[in-house]
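The structure appears below as structure tokens.
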Amino acid sequence: MKWEENVRKVVPYTPGEQPQDQNVIKLNTNENPYPPAPGVMDRIAELSPERMRLYPAFPEQTQLAWALAEYYQIDREQIFIGVGSDDVLSLAFMTFFQSKRPVLFPDITYSFYDVWADLYRIPYEKKALDEQFAIRPEEYRQPNGGVIFPNPNAPTGVLMELSQVEEIVAANRDVVVIVDEAYIDFGGTSCLPLIDTYDNLLVVQTFSKSRSMAGMRIGYAMGSPRLIKYLNDVKYAVNSYTMNYAALQLGLAAVEDVTYFKECCAKIVRTRERAQEQLHRLGFTFPKSYGNFIFASHKNMPAREIFERLKENGIYVRYWDKERIDDHLRITIGTDEQMEKLYRALEKICG
Ligand code: PMP
């Protein structure tokens with residue numbers, strides 16, 4: 001068809017499966033197995049039909065933004081809110097990666113990065129992780145058009161020390177460095193305090209994992225007021241009303257309950273530590289994880305086979321048929337009960 005010549009053709013990101021069967025043990029997309037804070041459900045009952053009739057508030061001018069700024073002890077001009085961190089990251093790619101030089105990110109990382117780069121025609125270069133799946137900061141010293149990496153990295157779960165994150169940011173003062181901290185609340189140290197020193201650092205976080213609200217789609221970025229202003233300019237050139245009224249209200253209720261948030265993260269960390277012992281016992285190896293998932297490989301059974309056998313048993317984990325990682329499974333940390341079922345299934349499959 002002639003018109004197809006002028007179509008923007010992209011290879012989309014492939015998200016993990018979202019089975020509709022409620023009986024599946026879903027350990028494939030790093031959701032939190034626990035419900036959101038109790039106050040979130042109470043707030044649903046208080047949602048106002050009158051406010052639904054109107055367009056929502058601008059996200060950065062809401063109580064949610066102010067509550068986050070207060071929680072993180074930053075200025076209100078240092079926060080941007082979007083529709084999940086995918087929205088925030090996508091806008092950040094569009095806003096900050098305009099150079100002809102390549103943007104740098106790890107070869108094994110969140111597989112949306114190259115999709116956005118291709119979508120926006122951004123050149124990029126992947127930098128190989130070392131044999132232990134660690135990011136090598138020295139690889140990020142060449143001239144480039146920007147840098148992005150998750151910390152802890154996904155899908156590996158490997159955490160980079162704060163001093164190494166700073167080393168990368170400091171070596172790249174002429175470009176924007178984005179640190180994707182989707183999983184930072186499960187035991188890592190955030191590089192957020194660095195935003196006051198480095199006006200080129202953007203830190204991105206999400207409500208999808210540690211705050212149990214993947215379904216509400218809330219993500220945010222923190223950085224210098226200048227970075228945030230540029231991000232808002234692009235956002236308001238695309239869509240003024242990104243965040244719906246309900247998400248803004250319910251997100252606020254989640255931020256208000258600090259105790260629940262901390263307990264929930266601690267519970268997942270405890271289950272993860274036990275899961276590491278159990279998986280080790282079952283013949284798996286993996287780098288120490290700082291996320292709500294474990295990136296494991298079995299000593300004598302191919303990952304694909306385990307993936308398929310688990311699925312037959314109603315347990316979904318994530319598998320990628322990709323170079324360097326096709327012998328790994330990414331297993332999300334579920335409740336203790338779900339994990340016990342996983343260990344029992346694995347005992348049958350590869351014990
Ligand atoms: N960054 C990383 C590293 C992720 O794994 C994910 C989850 N797929 C995201 C960002 C996006 O999460 P969300 O859009 O739900 O905030």
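This structure is a prediction, so every number in the text was calculated from the model and none was measured. Indexing begins at 1, ligand by ligand and atom by atom, following the structure's order.
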Identity and separation of the nearest protein heavy atom to atom 11 (C) of ligand 1: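 Nearest neighbour among protein heavy atoms for atom 11 (C) of ligand 1, to 0.1 Å: Asp86 OD1, 3.1 Å.
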
Protein contact of atom 8 (N) of ligand 1 - nearest heavy atom, named by residue and atom, plus distance: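 In this structure, atom 8 (N) of ligand 1 has Tyr110 OH, 3.2 Å as its nearest protein heavy atom.
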
Ligand-side contact atoms (ligand 1) for residue partner [X], heavy atom cut-off under 4.0 Å:
X: Arg217; value: 13 (P), 14 (O), 15 (O)
X: Tyr183; value: 3 (C), 4 (C), 5 (O), 7 (C)
X: Gly84; value: 14 (O), 16 (O)
X: Lys209; value: 7 (C), 8 (N)
X: Thr206; value: 13 (P), 16 (O)
X: Ala182; value: 1 (N), 2 (C)
X: Ser208; value: 13 (P), 15 (O), 16 (O)

With no hydrogens and no angle check, just 3.5 Å: does a side-chain donor-acceptor pair link [X] and [Y]?
X: Asn32; Y: Ser212; value: yes
X: Asn144; Y: Asn172; value: yes
X: Lys26; Y: Gln18; value: yes
X: Asp196; Y: Gln78; value: yes
X: Tyr110; Y: Asp86; value: yes
X: Thr206; Y: Lys209; value: no

Geometric N/O contact Tyr113 with ligand 1, under 3.5 angstrom: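 Between Tyr113 and ligand 1 (N or O atoms, distance only) the closest approach is not under 3.5 Å.
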
Location of contacts on Asp180 toward ligand 1, heavy atoms closer than 4.0 Å: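 Answer for Asp180: side chain.
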
Location of contacts on Ser85 toward ligand 1, heavy atoms closer than 4.0 Å: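 Both parts.
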
Over 12 non-hydrogen atoms of neighbours within 6.0 angstrom of CZ in Arg324: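 More than 12 within 6.0 Å, yes.
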
Residue that, paired with Phe105, satisfies ring-ring contact (aromatic ring centres under 6.0 Å, His included) out of Phe112, Tyr124, Phe97: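 The ring-ring contact (aromatic ring centres under 6.0 Å, His included) with Phe105 is passed solely by Tyr124 among Phe112, Tyr124, Phe97.
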
